[in-house]
Amino acid sequence: MGTARFAVWSFLIVVFQVSALVIAEEATCVPGFQSDMLIFKVTRRHLRQGTRLGKVGFTHCTDHTRFLFISDDSRFMVQTDGTLMVKRDVVLHEGHKHFFIHSWDSQGRRMSAPVTVLRHGHHHGEPHENHHQNVEHHHGHSNHHHRTEVHSANKTEDRSNPLVPVLHFPKSGEGMRRRKRDWVIPDISVAENNRGPFPQKISQIRSDKGKQKKIYYSITGPGADQPPVGLFIMDRDNGILYVTQPLDREKQARYMLTAHAVAEGTGNAEAPMEIVVNVIDQNDNRPIFAQDTFLGEVPEASPIDFEVIKVVATDIDDPTMDNAIIRYRIMSQDPQLPSDPLFLINSVTGVIRVGASGLDREKYPKYTLVVQAGDMVGEGLSTEAKVILTVTDSNDNAPVFTETSYEVTVAENKVGALVVTMSVTDDDEPQSLAWNAKFKIIAGDPRGLFNITTSGNNKQEGIITTVKGLDFEKTSKHTLLVTVENEVPFAIKLPTSTATVVVNVQDVNEPPVFDPKEKFVSKPENLPVDSDVTIYTASDPDTARKQKVMYKIISDPAGWLEVEKDTGEIKVKSAMDREFHFVKDDKYTALIGAYDNDNIPATGTGTLIIKLEDVNDNAPTIEERDIAVCNKESVPQLLSVMDKDGPGFAAPYSVSLQGTSKANWTARMNSTKTGIILTLATALAPDDYTVVLRVADNLGLEQDSTVKAKVCACTGGEVICGDRVAAGTGLPVILGILGGLLLLLLLVLLLLLFVRRRRGEKKEPLLQDDDIRDNIYYYDEEGGGEDDQDYDLSVLHRGLDNRPEVFRNDVVPNFMPAPQYRPRPANPEEIGNFIDDNLKAADNDPTAPPYDSLLVFDYEGGGSDAGSLSSLNSSSSGDHDYDCLNEWGPRFKKLADMYGGGEDDML
């Protein structure tokens with residue numbers, strides 16, 4: 001980095017010395033920067049946003065005093081009056097910053113000047129201050145006070161050849177270790193729409209190695225050798241970068257190029273260097289409104305500063321520059337009454353607001369505004385759009401009830417019953433939000449029994465309905481206070497209209513009500529007939545009528561209950577059974593009805609749920625009633641015992657044999673006392689026998705069960721006794737059968753495999769051992785196309801060189817004369833003869849194209865009757881003997897018939 005600094009400052013010293021010699025001779029106006037280099041000295045290392053560093057002198061020899069400037073460093077900006085400012089906070093880590101600023105003369109030519117921001121007291125190798133013009137600026141109005149010195153060098157460059165930045169390739173060796181900090185390649189800035197002349201020089205690339213050897217320069221990337229190709233070119237000898245045509249930032253704002261430096265005869269002299277070309281925006285696009293005409297509405301009673309509508313315009317120029325900064329203004333208002341301007345627009349946001357009072361829909365129902373959008377903060381290109389505002393009616397009339405009081409009668413207990421329909425009038429514009437009514441009950445309904453809504457068909461009708469059933473016995477009259485407003489607030493302070501609604505509740509006969517709605521009782525299942533179950537009563541809500549309540553059974557699925565008509569006492573009518581199918585989870589459900597003695601009785605229902613307590617009223621029984629056993633070495637039979645009673649009246653069970661069964665059988669309980677193990681103790685003759693077993697539960701309730709036993713002539717566990725399979729058998733037999741089937745299936749598969757192998761050994765091979773037509777050869781070398789001139793095609797001829805009898809298209813035989821081709825005729829009518837003659841010549845030319853390397857086939861082994869494919873000429877192949885196709889088997893029969901059968905067969 002030290003070497004680079006020395007080179008920069010040495011260049012400055014030379015420029016300053018030369019400028020001192022020629023400044024006296026400069027008598028005429030020369031457009032451009034007034035100094036070759038600007039040095040701004042600051043006192044602080046951290047530069048805050050908004051800090052002014054000084055002024056840049058520039059002229060293009062006209063009466064203009066403001067110009068457009070562009071900075072390569074986005075952290076700095078130059079205002080149109082030449083003031084250099086800090087756009088974003090900058091920290092001078094190295095004590096300085098270098099960048100270029102650009103502007104354009106009246107002919108559109110770009111002018112550039114290097115800028116250095118240097119912290120005061122930081123030695124940067126600057127030249128002696130005698131060569132500079134020293135200017136100090138103090139900014140008392142800024143929040144951050146910086147002392148800034150501006151050093152300028154007088155211009156010496158040829159105005160006909162504007163100054164362009166010179167980019168050096170990063171140094172190698174010691175400098176490469178500091179490349180990240182020192183060698184930051186600045187971007188190149190080029191203005192769009194430049195009128196030339198082209199090609200136009202925009203930069204120059206240099207390599208320090210050009211002093212020792214010849215260096216050739218080139219660029220690659222989009223815009224160079226990639227689309228759009230040729231937009232940028234580079235002189236290969238001196239590294240000057242040119243642009244060949246005007247650029248358009250709106251198409252592409254940035255180009256990434258790569259510069260290359262190649263030493264003559266030694267390859268790359270430098271590592272490729274990235275070059276960034278930024279297209280500088282020009283104000284070549286007008287703002288465009290989102291729509292040509294904007295439609296809006298404004299209420300007539302709108303207050304001042306009321307937001308009406310927002311217009312939006314966009315500019316596709318660079319959004320970071322004034323070219324795309326839009327400002328809005330209202331150009332005209334029609335009508336101009338009652339005041340002009342009646343509307344104001346925010347110049348930045350485009351929001352239009354009411355600017356004065358006096359809107360009156362009846363007098364001026366519509367306004368048309370012409371709005372302009374201009375870029376360059378409103379001073380550049382502009383466009384216009386219309387804004388049509390319709391003055392809408394304001395809510396300056398309150399709705400009024402047509403009647404101030406209503407009295408109605410509504411039957412009790414009805415939900416959603418219509419109470420009353422209330423009407424209002426309103427002098428505002430019909431069907432508008434200021435005309436539509438909105439009703440509200442503000443008093444007289446503390447329990448929320450009523451609701452009022454606006455009619456869907458007529459927005460000036462309010463409909464009151466019941467939300468809950470009214471109760472005459474609690475409240476026989478309701479007095480409601482109702483107010484009405486509009487869907488939008490009043491534009492001015494207006495009185496609110498009210499109305500009173502008196503609702504008289506009509507008494508109706510209501511059914512008696514059980515308390516509770518469900519009653520639970522618990523009774524033993526063996527409760528005697530005529531025993532009391534419970535008293536289940538209901539009360540009549542019609543207290544004023546003093547009606548009598550009576551009772552009846554509405555639902556009693558098993559017919560076990562009866563109810564006393566006058567008292568509601570429920571008794572057992574028939575024996576109950578917990579194990580009956582109408583009992584679910586030990587609960588029996590019945591519905592009891594209560595009715596009054598009105599002319600049209602009203603009936604209420606209550607649910608009675610009886611939990612039946614279990615008693616030991618069911619003796620255990622045996623589930624299996626048929627068994628089959630062998631008469632010799634019989635397997636014990638396990639019999640299941642079932643008891644309908646609950647757990648307290650069931651297991652453990654006991655068993656005993658009865659009658660003659662004791663002599664031949666034995667019976668005992670299993671270990672859990674829930675099953676019976678029955679065993680044949682004596683060898684009986686095959687026949688059917690009856691076994692009587694007496695089973696008792698844990699409380700001694702017993703019952704005899706009969707089991708039919710079929711004794712078969714067999715021994716041990718499993719036996720087929722007629723159509724019955726003896727119990728305890730099955731699994732061993734099933735496993736044996738399955739094993740046999742699997743073994744049989746395996747033998748069949750082995751037999752099929754053996755037959756298939758035998759057939760394979762007898763099958764004749766399709767080709768003889770000495771026939772190598774299906775051999776696979778590996779070709780490890782592939783040549784390129786016709787354009788691949790540097791590739792050695794001789795490697796593709798491996799094998800063919802040892803077979804001179806093979807005719808090759810790529811080699812001209814010595815015994816064949818060179819064919820004669822006609823030159824292309826000047827007369828278009830001779831083109832047909834020209835093609836025919838040259839086609840015949842090509843037919844006899846073995847070297848005629850196409851002779852791509854893909855047509856060169858390597859040696860494929862001996863024994864093949866077919867010649868090399870290279871022997872196939874373009875149009876005539878000569879006579880060949882295809883009779884050998886008949887010897888190749890049925891697969892080649894069709895081919896043999898087509899080519900080996902002679903002319904008659906072909907016909």
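Index from 1, following the sequence.
Residues F232 and Y242 keep their aromatic ring centres 6.0 Å or farther apart.
For the residue pair N323/D318, the side-chain donor-acceptor check at 3.5 Å is not satisfied. No side-chain N or O of T116 forms a donor-acceptor pair with one of H96 less than 3.5 Å apart. At a cut-off of 3.5 Å, with distance as the only test, a side-chain donor of N278 or D187 sits close to an acceptor on the other residue.
We find the NZ-CZ distance between K87 and F76 to be 12.5 Å, quoted to the nearest 0.5 Å. Of the inter-residue distances, the one linking N436 atom CG with E487 atom CD reads 4.0 Å to the nearest 0.5 angstrom. To the nearest 0.5 Å, atoms CZ (R52) and CG (L47) are separated by 15.0 Å. Taken to the nearest 0.5 Å, the CZ atom of R75 stands 9.0 Å off from the CZ atom of F99. The structure places CD1 of I316 at 8.0 Å from CZ of R249, a figure rounded to the nearest 0.5 Å. Distance check: M422 CE to Q460 CD gives 13.5 Å after rounding to the nearest 0.5 Å.
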Side chain to side chain contact (heavy atoms under 4.5 Å, CB included) between D281 and E192, worked out: CA-CA 6 Å; D281 186 43; E192 66 172 334; 2.7 Å; yes

Pair D315-I288, side chain to side chain contact (heavy atoms under 4.5 Å, CB included): steps then yes or no: CA-CA 6 Å; D315 195 316; I288 299 176; over 6 Å; no

Intermediate values then yes/no, side chain to side chain contact (heavy atoms under 4.5 Å, CB included), M77 and S71: CA-CA 6 Å; M77 64 175 293; S71 171; 5.9 Å; no

Verdict with reasoning, N193 to D284, per side-chain hydrogen bond (donor to acceptor under 3.5 Å, both in side chains): CA-CA 8 Å; N193 304 325; D284 56 345; 2.7 Å; yes

From CA spacing to verdict: side chain to side chain contact (heavy atoms under 4.5 Å, CB included), I452, I463: CA-CA 5 Å; I452 186 168; I463 300 175; 5.9 Å; no

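Residues that satisfy the salt bridge (Lys or Arg N to Asp or Glu O under 4.0 Å) test with D105, not counting sequence neighbours, are R109. With sequence neighbours excluded, the residues that form a ring-ring contact (aromatic ring centres under 6.0 Å, His included) with F67 are F58, H60. For E403, the salt bridge (Lys or Arg N to Asp or Glu O under 4.0 Å) test picks out no residue, with sequence neighbours left out. In this structure D81 satisfies the side-chain hydrogen bond (donor to acceptor under 3.5 Å, both in side chains) test together with T83, sequence neighbours excluded. Scanning for salt bridge (Lys or Arg N to Asp or Glu O under 4.0 Å) contacts around D72 gives an empty result, with sequence neighbours left out. R195 pairs by the side-chain hydrogen bond (donor to acceptor under 3.5 Å, both in side chains) definition with nothing, not counting sequence neighbours. Residues that satisfy the salt bridge (Lys or Arg N to Asp or Glu O under 4.0 Å) test with D317, not counting sequence neighbours, are absent from this structure.
For T402 (side chain) and S423 (main-chain N/O), a donor-acceptor pair under 3.5 Å exists by modelled atom type. Under a 3.5 Å cut-off, the side chain of N486 and the backbone N or O of V488 do not form any donor-acceptor pair. Listed for the T51 side chain is no donor-acceptor partner under 3.5 Å among the backbone atoms of V86. When atom types are taken as modelled, the side chain of Q226 and the backbone of T220 share no donor-acceptor pair closer than 3.5 angstrom. Side-chain atoms of D322 do not come within 3.5 Å of backbone N or O of I325 as any donor-acceptor pair. Remark: side-chain polar atoms of Q333 are paired, donor with acceptor, to backbone N or O of L342 under 3.5 angstrom. Side-chain atoms of S497 come within 3.5 Å of backbone N or O of F401 as a donor-acceptor pair. Listed for the S103 side chain is a donor-acceptor partner under 3.5 Å among the backbone atoms of L68. Using a distance-only test at 3.5 Å, with no hydrogens or angles considered, a donor-acceptor pair links the side chain of R286 to the main chain of S382. The backbone N or O of P246 sits nowhere less than 3.5 Å from a side-chain atom of N194 that would complete a donor-acceptor pair.
Residue pairs meeting the disulfide bond (SG atoms under 2.5 Å apart) criterion with at least one partner in residues 37-107, sequence neighbours excluded, are C29-C61. Within the structure, salt bridge (charged side-chain N to carboxylate O under 4.0 Å, His left out) contacts touching residues 334-354 (residues at least two apart or in different chains) are D305-R353, E307-R353. Evaluation of the ring pair (Phe, Tyr, Trp, His ring centres under 6.0 Å) test over residues 318-352, restricted to residues two or more places apart or in two chains, returns F343-Y367.
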Donor-acceptor list for residues 369-379 side chains, cut-off 3.5 Å, not counting sequence neighbours:
residue : atom : partner : partner atom : Å
Q372    : OE1  : R329    : NH1          : 2.7
D375    : OD1  : N283    : ND2          : 3.1
D375    : OD1  : L381    : N            : 2.6
D375    : OD2  : N283    : ND2          : 3.4

Ignoring hydrogens and angles, write down the donor-acceptor pairs under 3.5 Å from the side chains of residues 292-301, residues two or more places apart or on other chains.
residue : atom : partner : partner atom : Å
E300    : OE1  : R361    : N            : 3.1
E300    : OE2  : S394    : N            : 3.2

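For the pair L231 and Q245, the minimum side-chain heavy-atom distance is below 4.5 Å. Residues V277 and L257 meet the side-chain proximity criterion, which asks for heavy atoms closer than 4.5 Å. Two residues are said to be in side-chain contact when any heavy atoms from C-beta on lie closer than 4.5 Å; R327 and S347 meet this criterion.
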